[in-house]
Amino acid sequence: MFIDAFMLDEPTADFGVGNTSRQQNESAEVAARSFAGLPVEVSRWDVLTLVKKLQRELGLTSTQVAHLEFLVGYTRDQDWQGGSNPIVYLTVSATANKRAICERQVLNIERALNRAGLVCWHDSGNLRRFGHRSADGELVQAFGVNLAPLAASYERLYCMAQELEQRARVWKQQKTTLLLHKRVLKEQLTLHPEHPAAGEAQKLLTSLPRRIEARLTITQLLQWSKQMLQLIAEFQETSEQASADQNEQEQVSESDTQISSSQKKTSGYIMVRQFDALVRANDMNRQQQEWHWFRQSMRNQDLTPFASAC
């Protein structure tokens, strides 16, 4: 996740001779001359923390960052306020002894920090480094490594850090999306191995790295996700078409079942009605037969006594 950061101008002026020769970064010099202190509620360690976060983007090594931390630690909070300058007046030999490195390495590291626009030099006439403080700890006079460019870079470093965090969030979200698409594509490939896009899907899955590492760019992750989405859409389109055909067949089958059931119900109803009519006809015949028998029996009876009585 590389960020195109604005870097200060390349050094243009040569100073010193021999082992102490160096190129001065003029932009760092301008930042040092215009130094007015750190913003309110911002400490020197806050600026150093930003440098550590942006080490890769600034093109610094861990050794160079550690040396910068050593220099920051040799200053005081009051040196970073307006009207003062955070100058480390420790000699090169003393710095080398305390850092357990050689003097040439000290100078090489300082040059690298200067090229990054984080330090410059406040030199005496003979390039010696010395200084002293007042009773209350304020710098009265100091010649050596000036950290004012580091303080002047706070806003630039802060914006770079914010952009880096934003890119990290986007990268993480895109990684999660890519892994989700990969899982869905694998499932579609398992369910539809004979699909026309199965070969292309298998080829894409095989080309993906086993692990999504930070070295992969957001653009690469987006490209893979787009390819997988296209293949997933093809699988789903075929699946939806097959589902629609199946639903249509089920509807036709269900309609045939309903018609057959209706026909069965209608024929059964007719049979019941016919049976009821037959039973009623039988009942009427039996009643007529019984009535005929009753009338016949009444005629055969002797009704003379009833007639005499009348």
Side-chain angles (χ1 to χ4, degrees), residues 1-7 49-65 156-271:
M1 293 173 290
F2 179 78
I3 297 177
D4 295 330
F6 169 77
M7 299 301 293
T49 300
L50 292 177
V51 174
K52 289 181 177 180
K53 288 182 178 179
L54 299 170
Q55 174 182 326
R56 178 182 176 185
E57 286 68 32
L58 294 173
L60 300 176
T61 65
S62 57
T63 302
Q64 293 165 355
V65 173
R156 176 175 66 94
L157 297 176
Y158 180 80
C159 293
M160 289 176 62
Q162 290 295 314
E163 184 178 354
L164 182 64
E165 292 179 0
Q166 177 64 22
R167 285 175 175 265
R169 286 193 294 268
V170 173
W171 188 91
K172 186 176 181 180
Q173 293 173 356
Q174 192 56 44
K175 175 186 175 182
T176 303
T177 303
L178 177 64
L179 293 177
L180 176 62
H181 291 165
K182 182 179 179 181
R183 180 172 60 84
V184 173
L185 185 59
K186 283 185 176 181
E187 292 176 354
Q188 292 293 333
L189 188 59
T190 303
L191 294 174
H192 309 284
E194 303 299 330
H195 192 276
E200 185 177 356
Q202 185 63 43
K203 182 179 179 181
L204 176 60
L205 292 174
T206 305
S207 65
L208 294 177
R210 293 185 178 181
R211 296 184 59 185
I212 307 300
E213 300 178 350
R215 61 183 178 81
L216 297 173
T217 62
I218 297 177
T219 304
Q220 183 64 63
L221 298 181
L222 284 171
Q223 183 178 0
W224 284 333
S225 291
K226 183 178 179 180
Q227 293 176 356
M228 284 191 285
L229 277 176
Q230 292 176 350
L231 292 173
I232 291 172
E234 293 182 14
F235 276 101
Q236 290 180 346
E237 182 179 357
T238 304
S239 178
E240 290 175 358
Q241 183 63 34
S243 178
D245 295 342
Q246 183 178 0
N247 291 335
E248 184 177 354
Q249 293 178 358
E250 290 178 354
Q251 290 177 359
V252 172
S253 177
E254 183 179 355
S255 177
D256 294 342
T257 303
Q258 290 177 353
I259 293 174
S260 177
S261 176
S262 176
Q263 291 176 350
K264 289 181 180 179
K265 289 181 180 179
T266 302
S267 61
Y269 176 74
I270 294 174
M271 292 177 64

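This chain uses plain numbering: 1 for the first residue, then up along the sequence.
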Closest heavy-atom pair, Pro209 versus Leu216, reported as atoms and distance to 0.1 Å, is CG-CD1, 4.1 Å
So how far is it from Gln174 CD to Thr219 OG1, rounded to the nearest 0.5 Å?
9.5 Å
If you take all heavy atoms of Ala214 and Trp171, which pair is closest and at what distance?
CA-CZ2, 3.6 Å
Arg215 and Glu213 ion-paired at < 4.0 Å:
yes
Criterion side chain to side chain contact (heavy atoms under 4.5 Å, CB included) on Arg183 and Leu179, from CA distance to verdict:
CA-CA 6 Å; Arg183 180 172 60 84; Leu179 293 177; over 6 Å; no
Please find the pair of heavy atoms, one from Pro193 and one from Ala198, that lie closest to each other, and give the distance.
O-CB, 3.4 Å
Let me confirm one number: the CG-NZ distance from Leu221 to Lys172, rounded to the nearest 0.5 Å.
14.0 Å
Any side-chain heavy atom of Leu157 within less than 4.5 Å of one from Leu58?
yes
Heavy-atom distance under 4.5 Å between the side chains of His195 and Leu189, does that happen here?
no
So how far is it from Gln188 CD to Met228 CE, rounded to the nearest 0.5 Å?
13.0 Å
Mind checking whether Thr206 and Gln202 have side chains closer than 4.5 Å, heavy atoms only?
yes
Could you tell me the separation between the CZ atom of Arg169 and the CD atom of Glu165, rounded to the nearest 0.5 Å?
6.0 Å
Is Glu200 close to Leu204 at the side-chain level, that is, under 4.5 Å between some pair of heavy atoms?
no
Could you check whether atom NZ of Lys182 has more than 12 heavy atoms from other residues, nucleotides or ligands sitting under 6.0 Å from it?
yes
Closest non-hydrogen contact found for Ile218 with Arg167 is CD1-O, 3.8 Å
Between the OH atom in Tyr158 and the NZ atom in Lys53, the distance rounded to the nearest 0.5 Å is 9.0 Å
Hey, what do you get for CD (Gln230) to CG (Leu185), rounding to the nearest 0.5 Å?
11.5 Å
Looking only at heavy atoms, which two atoms of Gly59 and Gln64 are closest? And how far apart?
O-OE1, 4.2 Å
